[in-house]
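Fair warning: this is a prediction, and the values are worked out from it, not measured in the lab.
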Amino acid sequence: MQTGVSTGTTSGEKPKVAQRIGVPREVFPGEKRVATVPEVVEKLIKLGFAVSVETGAGDAANFSDESYRAVGATVVPDAAQLWASSDIVFKVSVPTAEEVSLMREGGTLIGFIWPAQNPELMQQLTAKKATVLAIDALPRMLSRAQKMDALTSQAGVAGYRAVIEAANAFGRFFNGQITAAGKVPPAKVFIAGAGVAGLAAIGTAAGLGAIVRANDTRAEVADQVVSLGGEFVKVDYEEEGSGGGGYAKVMSEGFQQAQREMYAKQAREVDVIITTALIPGKPAPKLITAEMVQSMKPGSVIVDMAAERGGNCELTEPGQTVVKHGVTIVGYTDLASRLAKQSSTLYATNLFRLAEELCKTKDGVINVNMEDDAIRGLTVTKDGTITWPAPAPKLPAAAPPAAKPAAAPQAKKGHGHGGASEPMAGNKLAIMFGVAALMFWYVGANAPSVFLAHFTVFVLACFVGYMVVWNVTPALHTPLMSVTNAISSIIAIGALVQIAPPLSGTVPPNEAIRWLAVVGIVLTAVNMFGGFAVTQRMLTMFRK
């Protein structure tokens with residue numbers, strides 16, 4: 001059965017037939033996402049593909065069948081017809097055994113597979129002689145693979161949603177307020193794990209006005225936490241925690257003990273805890289014990305983002321929200337799906353970027369190039385043969401350290417005319433001070449006493465001003481200079497003297513000088529008010 005459209009040919013060549021991408025409706029309970037959206041369908045068609053969408057596939061994410069038809073997609077009435085007619089299937093959740101049975105033999109499947117956790121699924125796919133690209137197996141250390149990294153895009157959505165769920169379950173504002181009815185203190189939020197999801201949660205909670213603290217075993221994320229408005233809480237134990245692929249590694253028992261003590265302290269102090277800790281291929285580590293939950297203030301909230309893998313909290317019930325010891329524990333496993341329109345759009349873009357890599361000729365026919373490190377890492381089965389796990393990608397060799405330039409030979413004392421040594425620099429400094437002292441003596445001996453007094457004040461002002469600016473942090477230089485500029489507008493007093501009525505017995509100023517003084521007052525007023533306004537705006541940027 002021909003499922004695509006002809007892409008044209010030249011004389012003597014067999015015409016190519018564009019492959020058809022099928023997008024079924026997700027059947028996993030609670031899954032609201034869809035694998036592609038109308039905006040991306042247009043781009044896939046421009047790559048040469050034909051696109052079919054099962055009716056109702058985008059309803060839960062607010063994408064109607066009509067919106068898919070409007071951009072050129074074909075809406076198929078049922079799943080069996082879609083799977084049978086599609087050369088390539090885009091999916092979100094792991095396919096069920098029933099869906100695999102509907103798949104055409106030799107077809108291609110792209111989506112989340114988790115091959116390590118689903119060995120039976122892998123056998124079913126090989127029986128279909130399928131080529132499967134698992135988006136979760138993408139080698140994330142490759143910089144060019146970031147545009148295809150669906151794990152990152154979905155984790156960012158989940159981190160944002162975790163804070164929203166916490167705010168919904170929490171009994172008061174996140175931000176502090178002072179009202180006529182009383183003062184409301186800001187909520188204190190602690191986030192365990194500062195990966196993609198954790199950083200998204202930090203930014204969201206800080207944006208809502210909470211006091212945010214975070215911890216991670218990887219010391220290098222401390223600056224990222226601070227840049228998003230959080231405070232990095234360090235474990236009092238020295239050990240590096242970076243693992244492969246952007247994940248943390250399993251830490252030593254000594255580190256874990258110190259970490260538990262820190263978590264116990266935070267549990268007693270904060271109002272909300274959000275946990276994100278996961279280790280590939282292993283159950284989620286238990287970070288929050290029942291005793292820690294019991295020590296939390298009544299009304300506190302825990303959002304366990306690792307609930308799908310058993311949870312970071314001992315009392316988490318996956319998929320449920322429970323209240324234990326007065327603490328609400330949110331264990332939802334579908335956080336990204338709870339923002340279906342946003343997460344679907346991001347996921348569809350990830351798959352489109354992958355389609356670009358697979359179809360560089362833009363003729364609607366994919367080429368699974370096993371020589372490409374990114375594509376090889378994604379491919380878990382090829383034409384019915386299991387190719388997972390992939391070999392480690394070939395990372396570019398580190399550049400050799402640049403050779404240090406040879407130090408210039410120092411000139412010896414008393415020889416030649418270049419490269420003076422330190423004593424020569426000291427001599428020059430003494431000469432400069434001597435010349436300056438002579439100049440001051442000359443000015444003092446010949447200038448009027450009034451000039452000398454003003455000149456002394458001028459020199460001291462320059463010195464004091466320099467020292468003041470030198471000791472101010474560079475970030476505050478702009479507001480400092482603007483307010484200094486405003487204060488310096490005291491010259492307006494001189495202009496006011498010129499336009500004031502003359503005292504008895506004094507000569508009135510020239511009319512031209514009077515009008516110049518008026519213009520000077522106007523410009524000085526602009527300088528004064530503008531300087532203070534700029535200072536105020538700049539200083540508000542440094543306040544939380």
Side-chain angles (χ1 to χ4, degrees), residues 33 92-93 112 114 135-136 138 140-141 146 148-169 174 189-208 210 212-218 220-233 241-249 263 266 270 272-288 301-313 316 318-319 329-340 342-347 350:
R33 291 173 290 179
V92 180
S93 58
F112 285 104
W114 303 108
I135 202 71
D136 48 273
L138 181 75
R140 303 169 78 185
M141 69 286 297
Q146 293 176 2
M148 302 178 275
D149 191 355
L151 284 173
T152 292
S153 68
Q154 301 305 292
V157 176
Y160 172 89
R161 183 68 189 197
V163 176
I164 302 303
E165 294 292 344
N168 180 58
F174 262 34
V189 179
F190 177 71
I191 296 170
V196 175
L199 291 173
I202 291 166
T204 306
L208 289 175
V212 185
R213 304 169 185 171
N215 168 260
D216 197 280
T217 58
R218 296 159 292 188
E220 64 267 20
V221 304
D223 290 339
Q224 299 175 42
V225 171
V226 174
S227 70
L228 289 170
E231 173 194 351
F232 188 78
V233 182
S242 295
Y247 292 94
K249 70 175 185 180
Y263 284 159
Q266 294 299 322
V270 302
V272 176
I273 294 177
I274 298 175
T275 65
T276 70
L278 283 173
I279 298 172
K282 296 185 179 182
K286 299 300 180 185
L287 304 178
I288 308 299
V301 178
I302 296 174
V303 180
D304 194 339
M305 294 185 64
E308 189 174 7
R309 302 286 295 279
N312 295 136
C313 176
T316 296
I329 304 173
V330 179
Y332 296 147
T333 58
D334 59 347
L335 288 170
S337 187
R338 288 171 179 260
L339 282 172
Q342 181 67 78
S343 54
S344 297
T345 301
L346 294 174
Y347 183 71
N350 294 140

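Put simply, CG on Asp149 and CD1 on Ile135 are 8.0 Å apart, with the number rounded to the nearest 0.5 Å.
For the pair Phe112 and Leu151, the tightest heavy-atom approach, listed with the atom from each and the gap, is CE2-CD2, 3.7 Å. Heavy-atom minimum distance, Val92 versus Tyr347: CG2-CE2, 3.7 Å. Heavy-atom minimum distance, Ala197 versus Met305: CB-CE, 3.6 Å. Shown here for Ala194 and Val225, the closest heavy-atom pair between the two residues is CB-CG2, 3.9 Å. In this structure, Ala277 and Ala306 approach most closely via the heavy-atom pair O-CB, 3.6 Å.
Side chain of Asp304 to main chain of Asn312: a donor-acceptor pair is present (N/O by atom type, distance under 3.5 Å, no hydrogens or angles). A donor-acceptor pair under 3.5 Å is formed between the side chain of Thr276 and the backbone N or O of Ala192.
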For residues 329-336, dump all side-chain donor-acceptor pairs below 3.5 Å to protein atoms at least two apart in sequence or in another chain.
residue : atom : partner : partner atom : Å
Tyr332  : OH   : Thr321  : OG1          : 3.0
Asp334  : OD1  : Arg338  : NE           : 2.9

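In summary, of the residues considered (Ile274, Val189, Val212), a side-chain contact (heavy atoms from CB on, under 4.5 Å) with Val163 occurs for Ile274 alone.
Under the 30°/60° scheme for interplanar angles, the aromatic rings of Phe190 and Tyr263 are found to stand perpendicular.
With sequence neighbours left out, Ser153 forms a side chain to side chain donor-acceptor pair (under 3.5 Å) with Asn350. In this view, Ser93 and Glu26, Phe28, Glu31, Lys91 satisfy the side chain to side chain contact (heavy atoms under 4.5 Å, CB included) rule, not counting sequence neighbours. Every residue two or more places apart in sequence or in another chain that forms a side chain to side chain contact (heavy atoms under 4.5 Å, CB included) with Ala166 is listed here: Phe174, Val272, Val301, Val303. Leu228 meets the side chain to side chain contact (heavy atoms under 4.5 Å, CB included) test with Leu199, Ile202; sequence neighbours excluded. Remark: Glu165 engages Arg161 in a side chain to side chain donor-acceptor pair (under 3.5 Å) (not counting sequence neighbours). With sequence neighbours left out, the side chain to side chain contact (heavy atoms under 4.5 Å, CB included) criterion links Tyr160 to Ile164, Thr204, Leu339. Residues forming a side chain to side chain donor-acceptor pair (under 3.5 Å) with Ser344 (at least two apart in sequence, or on another chain): none. Gln266 pairs by the side chain to side chain donor-acceptor pair (under 3.5 Å) definition with Arg213, not counting sequence neighbours.
Ser337 is listed as a side-chain neighbour of Arg33, based on a closest heavy-atom distance under 4.5 Å.
Among residue pairs with one or both ends in residues 221-233, none qualify as salt bridge (charged side-chain N to carboxylate O under 4.0 Å, His left out); sequence neighbours excluded.
Inspection of the Gln146 and Arg140 side chains reveals no N or O donor paired with an N or O acceptor under 3.5 Å.
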